[in-house]
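Accompanying notes for the structure given below.
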Amino acid sequence: MPVQVEKQPPELFVITDEKSSILYAPLRRVMARANADAIRIALDYAADPASEEKQDDDGRAVIAALKEHGFFERRPFPNHEPDFRPTQVTLFPTNRCNLRCSYCYAFGGEGGGNGEQLATINLDAAKRAIDLIARNAQELAAEGMPCKNFLVSIHGNGEPFCAFETLREIVWYARDLSERLDFPVVLNTATNGVMSSEQLEFLVANFDNVNISFDGLPELQDAQRPLANGSGSFKSVDRTMRRLAEAEVNFGIRATITEAMVTRMAEIAAFVADNYPSVEQLHLEPVWECGRCVTSSDNTPSAELFCENYLKALDVAHEKGLRLVYSGARQDMITDAFCKVSSGSFTVTPTGDVTACYEVSYRSDPRSERFFFGRFDKTIGDYVFDEGKLEELAELNVKNIPFCNDCFCRWHCAGDCAAKVLEARTPAQHQGSQRCVINRRLTLNQIQRKMDWREEDAG
Ligand code: SF4
Ligand code: SF4
Ligand code: SF4
């Protein structure tokens, strides 16, 4: 496990792994293995550039080499301006679902587990949301901002294709509006992939990007993601993925990893690569114990076992040319927030509430107090937003999380998923979670691999 020794003002970290110490400057994304003397010289220089004068020739050479690679260059911290002019909307057409996944965070098909109604989104609410983002996108483009389209994503706290008539109207409306405005729309969806032939052909014909929730192996899919009547769902999902591949639609797969299947991650990577070779990426995520997972026998795998098996899966994926991802390991990204919650991600639930978080979609969820920041008002036929809530959401960034100050993943993980890690706590009360172990271990692996590739290139 990485051990951090010290951190200096230009964000210089020392990480220790089994081989040696690594000097890492995340904001410049530069890294180097270094011995104890070089580390000391670097840290002294970072703390006080005048220390260079006290160095001998070797010490000055170390400083010069590190300077040349940008280790001491001060870069501003990432800073997103919380200006709520969304050009993207995520619509949840329904909380109905044709599956009963044992770990479903949203109690799909069962009204959130708190007796809430099964609902379908009001079509006007969907249309006005699309109008709003399309208008913003066009205005931003006219102001010279880099905005080339508006983005409609269709997910759910249920299965969106269970409200097929409504979903179809939404898609037609977005496409029609795009034509009328002569401004491109991008349509994305996340689905469980269990659908009729007619729905499948609609999916193929209308979506630019598709994400399929599939637990990676037929028997795991059937056991963890059964149909509402209890029978297996693999056959249907397999048919959907093969059809998407045949039609050359971009699609990714997300598999949820439970304790019972954690040792099978490499097998999952191999199965996906062999059977769906055109898949864009395989996303592996440990289950978080919430929703139906609290009452089922599914448990979160230990961080150590998840990392060990993720790394095995990564070897298989590299060998087979498959891109593997886990949400908390993203060394390539520099940001001050884990996701878009802090900039008011615009997501409309089936009841017309606006939430910033995909996983908080019911009024009965205590976290809705933080994440709900607006609603569709039928009487005026438009959205009303709570500016105060938006300002509070903007506080959910890593600069307000002292717990993350000394973590080398600070500008990559950026405090992790607020819905999972914070619950009702304030950013100042953030205490991390088991995911920190995973985030650090897998981010360190990304750094190590980069250094290995560089050494291979040099060799
Ligand atoms: S398909 Fe999605 S919404 Fe439906 S039960 Fe499974 S995880 Fe929940
Ligand atoms: S806070 Fe977490 S669950 Fe919510 S949208 Fe962000 S990453 Fe997803
Ligand atoms: S949440 Fe954990 S892993 Fe992420 S930046 Fe904070 S301390 Fe690091």
Side-chain angles (χ1 to χ4, degrees), residues 2 4 13 26 90 92 94-113 153 155-162 190-195 211-215 221 224-228 233 236-237 254 256 285 287-288 290-293 296 298 303 327-330 335-347 355-361 365 367 370-371 393 396-423 427 430-444:
Q4 283 155 238
F13 292 85
T90 302
F92 286 4
T94 185
N95 56 354
R96 292 182 171 81
C97 193
N98 46 359
L99 300 195
R100 290 292 181 275
C101 305
S102 52
Y103 48 66
C104 178
Y105 70 94
F107 278 97
E110 293 179 332
S153 295
H155 299 202
N157 47 0
E159 166 52 38
F161 278 81
C162 285
T191 165
N192 64 31
V194 177
M195 57 185 70
N211 246 301
I212 302 282
S213 299
F214 164 53
D215 279 351
Q221 173 74 16
Q224 297 187 161
R225 302 183 61 83
L227 302 181
S233 60
S236 306
V237 184
R254 174 188 159 129
T256 300
E285 201 71 22
V287 71
W288 188 255
C290 64
R292 210 178 272 139
C293 187
S296 74
D298 290 332
S327 67
R330 43 191 204 177
T335 180
D336 63 347
F338 183 76
C339 68
K340 292 197 167 147
V341 283
S342 51
S343 41
S345 150
F346 181 24
T347 300
T355 176
C357 173
Y358 298 152
E359 289 192 10
V360 179
S361 57
D365 185 330
R367 297 171 299 175
R370 165 177 280 155
F371 292 111
L393 285 166
L396 297 178
N397 77 67
V398 74
K399 294 187 207 95
N400 297 319
I401 306 178
F403 183 82
C404 303
N405 276 356
D406 294 330
C407 174
F408 72 95
C409 297
R410 185 182 183 203
W411 303 113
H412 308 314
C413 157
D416 209 351
C417 161
K420 293 186 180 74
V421 179
L422 284 183
E423 299 200 330
H430 192 305
Q431 284 303 311
S433 74
Q434 273 291 87
R435 282 173 59 93
C436 290
V437 176
I438 305 177
N439 298 355
R440 290 180 189 144
R441 178 69 195 91
L442 298 184
T443 304
L444 172 61

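Counting convention: from 1, in listed order, for ligands and their atoms alike. On a predicted model such as this, the values are computed, not experimentally measured, just so you know. Starting from 1, each residue takes its place in the sequence as its number.
Within the listing of ligand 2, atoms 4 (Fe), 5 (S) sit less than 4.0 angstrom from a heavy atom of Y358. Each of the atoms 1 (S), 3 (S), 4 (Fe), 5 (S) of ligand 2 lies under 4.0 Å from some heavy atom of C357. Residue contact check: C104 has heavy atoms under 4.0 Å from atoms 3 (S), 5 (S), 7 (S), 8 (Fe) of ligand 1. The atoms of ligand 2 that sit less than 4.0 Å from any heavy atom of A418 are 1 (S). Close approach of ligand 2 to V341 is summarised as follows: ligand atoms under 4.0 Å from at least one heavy atom of the residue are 1 (S), 6 (Fe). Heavy-atom proximity to N192, at under 4.0 Å, picks out these atoms of ligand 1: 1 (S).
Atom CH2 of W288 sits about 7.5 Å away from atom SG of C417, to the nearest 0.5 Å. The distance from the CG atom of D336 to the CZ atom of R410 is 10.0 Å, given to the nearest 0.5 Å. Going from atom SG of C162 over to atom CG of N95 covers 10.0 Å, rounded to the nearest 0.5 Å. Distance check, rounded to the nearest 0.5 Å: CG of N439 to NE2 of H412 gives 11.5 Å.
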T94 vs E159, side chain to side chain donor-acceptor pair (under 3.5 Å): CA-CA, chis, key distance, verdict:
CA-CA 7 Å; T94 185; E159 166 52 38; over 6 Å; no

With side chain to side chain donor-acceptor pair (under 3.5 Å) as the criterion, how do D215 and Q221 come out once you've worked through the C-alpha distance, each side chain's angles and the decisive distance to 0.1 Å?
CA-CA 5 Å; D215 279 351; Q221 173 74 16; over 6 Å; no

What verdict does the side chain to side chain donor-acceptor pair (under 3.5 Å) test give for T335 and R330, after you've listed the backbone C-alpha separation in whole Å, the side-chain angles of each residue and the deciding distance to 0.1 Å?
CA-CA 10 Å; T335 180; R330 43 191 204 177; 5.4 Å; no

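With a 4.0 Å heavy-atom cut-off, ligand 2 is reached by the side chain of C339 but not by its N, CA, C or O. With a 4.0 Å cut-off on non-hydrogen atoms, C97 touches ligand 1 through its side chain and not its backbone. By the criterion of a heavy-atom distance under 4.0 Å, the side chain of F338, and not its backbone, is placed next to ligand 2.
Looking at G328, C417, A356, it is C417 that brings a heavy atom closest to atom 2 (Fe) of ligand 2.
Put simply, the side chain of T355 gets close to the backbone of V360: a donor and an acceptor are under 3.5 Å apart. Between the side chain of H430 and the main chain of G415, a donor-acceptor pair closer than 3.5 Å is present. For the pair R100 (side chain) and C97 (backbone), a donor-acceptor distance under 3.5 Å is present.
Put simply, no part of G109 is less than 4.0 Å from ligand 1, judged by heavy atoms.
Looking only at protein heavy atoms, the nearest one to atom 3 (S) of ligand 1 is G158 CA, 3.7 Å. In this structure, atom 5 (S) of ligand 1 lies nearest to the protein heavy atom C101 N, 3.4 Å.
In this structure, F92 and Y358 have tilted ring planes: the angle between them lies in the 30° to 60° band.
Inspection of the environment of atom 2 (Fe) of ligand 3 yields the following protein N, O or S atoms under 2.8 Å: C436 SG.
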